[in-house]
Amino acid sequence: MPSASLVFQSVVLGVLLGGLYALLAAGLTLYFGVMRVVMIAHSAFLILAAYLAWYAHRETGIDPLLTLVVTVPLFFAAGVAMQRLLLTRLRPATLTMMSVLLTFSVALTIEGLLGYAFSGTQRRIRLGYSSAGFEFLGARIAAVKLIAFGMAALALLGLYVLMKHSRFGQALRATIQHREAAQLLGIDTDRIAGYGFGLGLATAAVGGTALALDTTIYPSLHWHWIGPLMAIIVVGGLGSVPGAAIAAMTLGMLQSLLQLELSTTWAQTVFYVALFATLAFRPQGFFGGRLAQRF
Amino acid sequence: MIGVSLPLTGDFSEPGKGVERGYKAWAKIVNDKGGLLGRKVELKILDDQSNADRVVSDYEQLIGRDEVDLVFGPFSTRLVVPSARVAEEYGMLFVEPAGAAPEVFDQGFKNLFYAAPAVANDHYNHLADYLLALPANERPKTVAYAAMDDPFAQGTAYGLKEKLEKGGVKTVVDEVYPPNTTDFGSIAAKIADSKADMVVGGSQYQDGVNLIVALQQLDYQPKMAAFSTAPTEPEFAKAIGNKTEGILAPTGYTQKADYPSNKEFVEKYTKQFGKAPEEDEANAYTTGQVVAAAVEAADCASQDPECQSKLVDWLRGNEVETVVGPLKWDDKGRPQSAHMIQQWIDGEIQIVLPEAQKEADLVHPKPAW
């Protein structure tokens, strides 16, 4: 039996991990919600953001968090451009399937360019506070993990407020719920969809930077992330941001606790077990309600 | 002409390129001296993309269609085993720089030789001897092991585990994690909670670094810490913010080693590539030296079965001087030397074991990290 202190430590780690998962998955669920696009390249953009943070830090010594000032707008613009220039060209009838292929190739392109620019060498941001931490009720909390969690919380809260309380958010939700009806009400759904995609990619900028604080990065790392992230948004209910957040927290926590009794290999399979269970018993997702109907 | 397939892209591209540089350095040095048996050495290098199927067809092509005279091995156990099978089928001598896991030597290959001082399970041998010779009150009583699910990385940690357990040292954590693990928080939590006197990592580069940082984040302070591969990489200290003091690692190669051919290698390699060679480069170079020694002794280099069997027989019975020291092999191709143990002392990695080669005394218990 693991000791009580180890269980508590694992819960703390699970919460921190879950928060990061939630942030990383938020963008994915947004793309699917807005326009039924399965965005395989999302995790490649995460790694791209991580590389930009690492590169800026190496060249100028600035804190990786400051790179957000540049990367967030940049990724937003890239998202809008990607939606307007590439995804709108796909035929609506085959959009979901073809978007997988299209974004797959985008992911490969990003991976290739990263490898070309920075080589396959594994990189890590060297921060003064990388291994710093503090005591919390007997458990240790690492500073970088807490910062990443804070970034996730802020980004998700910002996203929530934007979706619930701004005109753009209303328009985006209307577009998600019923595109034609939204158009009848005078919403330029194409423009809104572009912004929605940009917003998703902007979360990738935040997520990638958070990731860079505490992971070693290399160009092909994104393949390790896309599986768990896809599992999270399916379990959470495709298109539901709160659903994805709850699923991320639950699975992060489960992974961390299962680790106590089982090996790492088994703990990691929790994502796929959850994915199978969801598809078999509740295809609309466990936390999101009807497919893409709610925010 | 010598045929090689290497993982120049894909998972093993970094070490793969290191091995390529080692081979190229060897070819250049040999050619500058007039070649092998008076012929110029030419390398034909294919890229197998770190893919075990590709590596098989690459060697089929090299031997069958390109009719190379000799072959060198690729990088990593996962590619060495399938390619060695091809070489065996054609009766070619197969010297390889990077297949140290036990399974390489369990296949019954008759033509295979590993061009490095020791197989994975023997990497920590000097450390095991040192620990078991300590007085009982200084010897670690409990050890936590974490190893990557990879034949090489796991082999290093388990070699030590076996010996220490036999010596009565208790194993309190024994974790195996898949190669794609990115989060080490939970594994670190288990290790920290066990309060083991010593932590041993059977690691490659990235996981070793991540695990060490995760342990430091939990403020776990073991009396000893040993990790394979990662601490000997040049990027290591930078990656973990120089909190390296006291970390131990086995290594098969050091630029400072006193062997005559090593001095030449380091000097000429540095001139050719602008930086000093690391372990991958050295093992590749060693492969070249081993094959060259056999070729000169047997006075032949061709696919002719008689020639190839002469090469194999000669290596079976003789010792070769290399940049990693004199090497000889048992009947399964396992080298009969041992790895040195290095430790980070005063911000520098120095040899601490064995006695005969040490540059500094082993620091025990290690300072807090």
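Residue numbering restarts at 1 for every chain, and letters A, B, ... go by the order of the sequence lines.
The candidate with the highest count of non-hydrogen atom pairs below 4.5 Å against chain A, out of B/V176, B/D219, B/T9, is B/D219. Residue with the most contacts toward chain A among B/K243, B/E233, B/Q206: B/Q206 (heavy-atom pairs, distance under 4.5 Å). Your options are B/A189, B/A239, B/S186, and the one with the most heavy-atom pairs under 4.5 Å with chain A is B/S186.
At a cut-off of 3.5 Å, with distance as the only test, a side-chain donor of A/D214 or B/Q217 sits close to an acceptor on the other residue. Side-chain contact check for A/Q259 and B/K190: no donor-acceptor pair (N or O, by modelled atom type) lies under 3.5 Å.
Interatomic distance, CG of B/L218 versus CD of A/Q9, reported as 5.0 Å (0.5 Å rounding). One distance of note links CG of B/D149 with OG of A/S263; it measures 8.5 Å at 0.5 Å rounding. Atom-to-atom distance recorded for A/L221:CG and B/T182:OG1 is 6.5 Å, nearest 0.5 angstrom. With rounding to the nearest 0.5 Å, the separation of OG1 in A/T216 from CZ in B/F184 is 8.5 Å. Once rounded to the nearest 0.5 Å, the distance linking CG of A/L13 with CG of B/D183 reads 7.5 Å.
Counting heavy atoms from C-beta on, the side chains of A/Q122 and B/V209 never come closer than 4.5 Å. When side chains are defined from C-beta on, B/T181 does not count as touching A/H224, because their heavy atoms never get closer than 4.5 Å. The closest side-chain heavy-atom distance from B/E175 to A/T265 is not below 4.5 Å.
Proximity to chain B is absent for every atom of A/W223, based on heavy atoms less than 4.5 angstrom apart. Only the backbone of A/L262 comes within less than 4.5 Å of a heavy atom in chain B; its side chain stays farther off. Only the side chain of A/L17 has a heavy atom closer than 4.5 Å to any heavy atom of chain B. Residue A/L6 touches chain B through both its backbone and its side chain, counting heavy-atom pairs closer than 4.5 Å. Of the atoms belonging to A/Q268, it is side-chain heavy atoms, and not backbone ones, that fall under 4.5 Å from chain B. Only the side chain of A/Y218 comes within contact range of chain B, with at least one heavy atom under 4.5 Å from a heavy atom of that chain. With a 4.5 angstrom heavy-atom cutoff, A/L20 does not touch chain B via any of its atoms.
Residue-environment remark: NZ (B/K24) stays at or below the threshold of 12 foreign heavy atoms within 6.0 Å. Environment of CZ in A/F104: sparse, with no more than 12 heavy atoms of neighbouring residues, nucleotides or ligands closer than 6.0 Å. Residue-environment remark: CZ (A/F134) exceeds the threshold of 12 foreign heavy atoms within 6.0 Å. Crowding of A/Y55 atom OH: a count of heavy atoms from other residues, nucleotides or ligands under 6.0 Å not exceeding 12.
Under the 3.5 Å distance criterion, the side-chain polar atoms of B/K238 are left unmatched by any main-chain donor or acceptor of A/R126.
Taking B/Q216 as the reference, nothing meets the side chain to side chain donor-acceptor pair (under 3.5 Å) condition, with sequence neighbours excluded.
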side-chain hydrogen bond (donor to acceptor under 3.5 Å, both in side chains) between B/D193 and A/S3, worked out = CA-CA 8 Å; B/D193 186 68; A/S3 65; 3.2 Å; yes

